[in-house]
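For this chain, numbers begin at 1 and follow the sequence in order.
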Amino acid sequence: METDLYDEFGNYIGPELDSDEDEEVDAEDREADEADEEDDDEDQAEVDEEDGGGGMEVVLHEDKKYYPTAEEVYGPEVETIVQEEDTQPLTEPIIKPVKMKQFTLMEQELPATVYDMEFLADLMDSSELIRNVTLCGHLHHGKTCFVDCLIEQTHPEIRKRDDSDLRYTDILFTEQERGVGIKSSPVTMVLPDSRGKSYLFNIMDTPGPSFPLSCHVNFSDEVTSSVRLSDGIVLFIDAAEGVMLNTERLIKHAVQEKLAITICINKVDRLIVELKLPPTDAYYKLRHIVDEVNGLLSTYSTDESLVVSPLLGNVCFASSQYSICFTLGSFAKIYSDTYGDINYMEFAKRLWGDIYFNPKTRKFTKKAPNSNSQRSFVEFILEPLYKILSQVVGDVDTSLPRVLDELGIHLTKEELKLNIRPLLRLVCNRFFGEFTGFVDMCVQHIPSPQGGAKAKIEHSYTGGLDSDLGETMSECDPDGPLMCHTTKMYSTDDGVQFHAFGRVLSGTLQAGQPVKVLGENYSLEDEEDSQICTIGRLWISVARYQIEVNRVPAGNWVLIEGCDQPIVKTATITEPRGNEEAQIFRPLKFNTASVIKIAVEPVNPSELPKMLDGLRKVNKSYPSLTTKVEESGEHVILGTGELYLDCVMHDLRKMYSEIDIKVADPVVTFCETVVETSSLKCFAETPNKKNKITMIAEPLEKGLAEDIENEVVQITWNRKKLGEFFQTKYDWDLLAARSIWAFGPDTTGPNILVDDTLPSEVDKALLGSVKDSIVQGFQWGTREGPLCDEPIRNVKFKILDAVIAQEPLHRGGGQVIPTARRVVYSAFLMATPRLMEPYYFVEVQAPADCVSAVYTVLARRRGHVTQDAPIPGSPLYAIKAFIPAIDSFGFETDLRTHTQGQAFALSVFHHWQIVPGDPLDKSIVIRPLEPQPAPHLAREFMIKTRRRKGLSEDVSISKFFDDPMLLELAKQDVVLNYPM
């Protein structure tokens, strides 16, 4: 037994002890003792004294307990934090208060309205009584004030303070501070027409798409997304400023979107109070505006019947500041209400144009009865208006009370003591009453959702009208399958999640129902971009408050909770099951390009995920913003202009990701193009040497690139129609026109791939089998060109010859696609490549003495003036010019400093233009920190863009040419100033 005393290594461990069981028993006893001890805490002291040995056992230092634990003191439910003394700076509280983030002004409860909310909800069911309208117009032409007037008429408790505007629809705090709209906001209310019949108006108040703060910011993407949901627009035009840059663009946009167009000539008071025009001149000024609009309509539209005129009733006159709004009809009605038995509809038809009233015969005539008689519009509308304004402004105490008595307007003594502006507003409000003229105009000239549905669906739905679904949508049927199109995302008060805003086109949307959300990349073939969601609550939005509803029938606008997660820009919401043939609505097409880009990175690299989340959110919030990651790993934001990006960055830093973000200097996107035909045929062989493709590149005809981008011509047309278009408009020969393979980089990209091979030389069947691969290579090549990875533009690539392997194995995509891309590049480089840069169109308004300063500022920035002319009816000059986008940063500030703040500029992307100089000219030396002369610019832009993207300094040509091709070049003795 000796071995038991040693372990396996021979160490002595001694005999086994019998005490193991005892220890276990002891442990149990001790546990029981401890449990007892806890029970009788109070008796502890007494127990200790009696049990003399109890307090004598050895307690280690760390097990001693001097104080009760926090859990014993506060109970088990309370979370307690123990802070070591130095872990937190004194400036920070140990427990921070919960911070409520709020970026929008919202009403806490529903305000009082002159109609019942139930009545509003009931009107939603009758689609012929609904009008979906977008109010749009040039910046500061009074859209928001107009909506304020409507709000005041329907909400008795909401009043503007005498000194400041209400700006009810500018709900973001940033909008309130800057005094200008940034986001479009929907307002839904019930408005009566002149007969007292109620209509449900969904009005979208859009920002004046160009900002006062920055010349070329163009928030027209907000307008685009609003217009998609509407059946018509009301275009606001300032009576004093007339038709401006943006008014023109909006008319063009509305014509393209096939919308009903009505006009509101706003700020009529300025003609009287500011410009002090005599009534006849004011009439000429108003008529000039109407004529100008009609001129633009006939330019952009082929439809002869599209005319605006006060006689047709689609022009109304307003002054939001003094709550005046009338059409000829509503003014004539004031006469008939005062004098009785006048047929006001007939009377209204004689109130515009060269028509005179003969007081002797009491008839209207075409020619003036005597030399000093006035046109009827002047006599019956402008003169009374002038009289009211001048009485209030001039003679408050003596003659005003008498005039008011005649008009039947009763004012209290308190009201008569008001300041001039509020008093004028009050008098006009009592005289003109509610804006029934505006309602009449919209009701008569803008179709109801039911009436406008067919045109809307034809224009915006990618599926056809001939399916059952197309039919139910064009009937706006509330019992059909659900189809809802969302075009905007509004963030909640605290900026945590989004609500989607859209229009129900058929069916009825219920709160809490499951739906299928189709994104912009969804198609019947590729159903990846779709997701089933459950809808949360539904609201009708009225700027600062929301009316919660539990269902929304077809024809209405709705704010939807709970489906924001899969949506990025626009989406189509449909039934989760059973509506399988549903296709998506077209993504929005913006009338301006995002050409300015900034790179962002968090100051603290560990906060990258927060920034990415923020980028995802601003991307949802701004319709035309694009965010992407460059190959070099930098995060790039593309926007339309400086202020646009400023707003984006403000939201990113403050609302969505509360972190410090560094921003690189803004740069612009470039394009690459060619100016000649390739100097020789370029070919490339596939890696397995079994296929060979030959191509040349040449510039496209002038105007063709724009036609493709504006979808004047589409690659989806059939061969015959496509061929006819190119033959008639661009004089292509039949063969070339019939063999267009693709546009690139996408279906509306401004480059063309043409198959110029002859059946006698090339086996067309084999070539057809690799067509898709070649097209893919071509699209990849045009998406990122060889000069500096920017898209190629305005180039036609011709396939001249192709040797294709017989066996399908040897002509797979992996062989053909990279080869096609390489031959695209080599053909491109042999055709005198050039860089293109975006140009802005600038419109500057300045007094006559500042015009020369404007010229100098433009000249310093490579800009050139195209036209300058005085603006009729005002002391200002309008100067129109072009300026390169890359030189436009800080242009407006510069302009302001040189003209002491008197000049006012607006600009918008206009076209692409070739940068002077050869980007591949080796002899140019770029000196750091010096402005380069014009011929060196292309080289400078290219090198700096390549550096920024982390590419090698220069375009190495051997990357794109095969060895046989290089031998060919050497044989033909082509002088190359390229590095090999």
Side-chain angles (χ1 to χ4, degrees), residues 138-139 209-218 220 244-246 248-249 591-598 639-646 665-671 673 706 793 834-871 876-917 919 930-942 944-945:
H138 192 69
L139 152 84
S210 311
F211 258 54
L213 296 175
S214 160
C215 40
H216 38 251
V217 171
N218 195 309
S220 65
M244 301 285 290
L245 166 97
N246 232 45
E248 216 166 302
R249 295 171 63 82
N591 56 6
T592 167
S594 295
V595 290
I596 294 192
K597 55 179 176 186
I598 49 177
T640 50
E642 280 181 271
L643 188 93
Y644 191 85
L645 289 169
D646 179 59
D665 284 339
V667 282
V668 301
T669 45
F670 293 106
C671 278
T673 189
E706 285 72 25
R793 180 182 176 82
R834 290 283 184 266
L835 272 186
M836 296 184 95
E837 59 179 343
Y839 261 68
Y840 277 140
F841 172 70
V842 193
E843 187 179 63
V844 183
Q845 287 185 334
D849 52 347
C850 294
V851 174
S852 60
V854 176
Y855 272 82
T856 21
V857 175
L858 279 165
R860 279 225 305 272
R861 293 170 172 270
R862 297 196 291 136
H864 58 271
V865 176
T866 54
Q867 177 192 359
D868 69 340
I871 302 173
L876 299 175
Y877 265 73
I879 299 146
K880 298 184 174 172
F882 289 121
I883 184 173
I886 198 161
D887 287 320
S888 72
F889 303 123
F891 165 67
E892 184 158 3
T893 320
D894 210 11
L895 191 64
R896 294 253 170 93
T897 24
H898 279 78
T899 59
Q900 290 85 41
Q902 293 172 304
F904 176 73
L906 287 169
S907 61
V908 58
F909 168 78
H910 189 267
H911 65 279
W912 292 90
Q913 195 164 314
I914 292 181
V915 184
E930 278 182 29
Q932 311 298 325
H936 296 185
L937 281 172
R939 176 91 179 145
E940 180 193 24
F941 291 163
M942 184 190 83
K944 289 185 176 169
T945 308

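How far CD of Gln845 is from SG of Cys850: 12.5 Å, rounded to the nearest 0.5 Å. A distance of 11.5 Å separates CE in Met942 from CD in Glu940, rounded to the nearest 0.5 Å. Rounding to the nearest 0.5 Å places CD of Glu843 at 9.0 Å from CD of Gln867. We find the CZ-CD1 distance between Arg834 and Ile914 to be 7.5 Å, quoted to the nearest 0.5 Å.
Taking both residues in full, the closest heavy atoms of Ala853 and Thr899 are given as CB-CG2, 3.9 Å, listed atom of the first, atom of the second, then distance. In terms of heavy atoms, Met836 sits closest to Val915 at C-CG2, 4.0 Å. Residues Thr669 and Ser594 come closest through the heavy atom pair OG1-O, 4.4 Å. Residues Ala903 and Val844 share a closest heavy-atom pair of CB-CG1, 4.0 Å. Gly917 and Pro919 make their closest contact through O-CD, 3.7 Å (heavy atoms, listed as atom of the first residue, atom of the second, distance). Across every non-hydrogen atom of Gly641 and Tyr840, the tightest pair is CA-OH, 4.2 Å.
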Given the rule in the side-chain contact (heavy atoms from CB on, under 4.5 Å) test, do Arg860 and His898 qualify, once you have shown the distances and angles that lead to the verdict?
-> CA-CA 12 Å; Arg860 279 225 305 272; His898 279 78; 3.5 Å; yes

Please test Trp912 against Thr673 for side-chain contact (heavy atoms from CB on, under 4.5 Å), starting from the C-alpha separation and ending with a verdict.
-> CA-CA 11 Å; Trp912 292 90; Thr673 189; over 6 Å; no

Worked verdict on Leu245 versus Phe841 for side-chain contact (heavy atoms from CB on, under 4.5 Å) = CA-CA 10 Å; Leu245 166 97; Phe841 172 70; 3.1 Å; yes

Please step through side-chain contact (heavy atoms from CB on, under 4.5 Å) for the pair Asn246 and Leu906, ending with a clear verdict.
-> CA-CA 9 Å; Asn246 232 45; Leu906 287 169; over 6 Å; no

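For the pair Glu706 and Arg793, the salt-bridge criterion is met [side-chain N within less than 4.0 Å of a carboxylate O].
Val865 is listed as a side-chain neighbour of Leu858, based on a closest heavy-atom distance under 4.5 Å. Within the 4.5 Å cutoff, the side chain of Phe889 has heavy atoms near those of the Val668 side chain. Considering only heavy atoms from C-beta on, Glu892 stays 4.5 Å or farther from Glu642 through its side chain. Within the 4.5 Å cutoff, no side-chain heavy atoms of Thr640 are placed close to those of Phe909. Val854 has its side chain out of reach of Tyr877: every pair of non-hydrogen atoms, C-beta onward, lies at least 4.5 Å apart. Two residues are said to be in side-chain contact when any heavy atoms from C-beta on lie closer than 4.5 Å; Pro884 and Arg861 fail this criterion. In this structure the side chain of Ile886 reaches within 4.5 angstrom of the side chain of Phe941, judged on heavy atoms. The shortest side-chain heavy-atom distance between Leu937 and Glu837 does not fall under the 4.5 Å cut-off.
Using a 30° and 60° split on the angle between ring planes, His911 and Phe882 fall in the perpendicular class, above 60°. Aromatic ring orientation, His864 versus Tyr839: tilted (interplanar angle from 30° to 60°).
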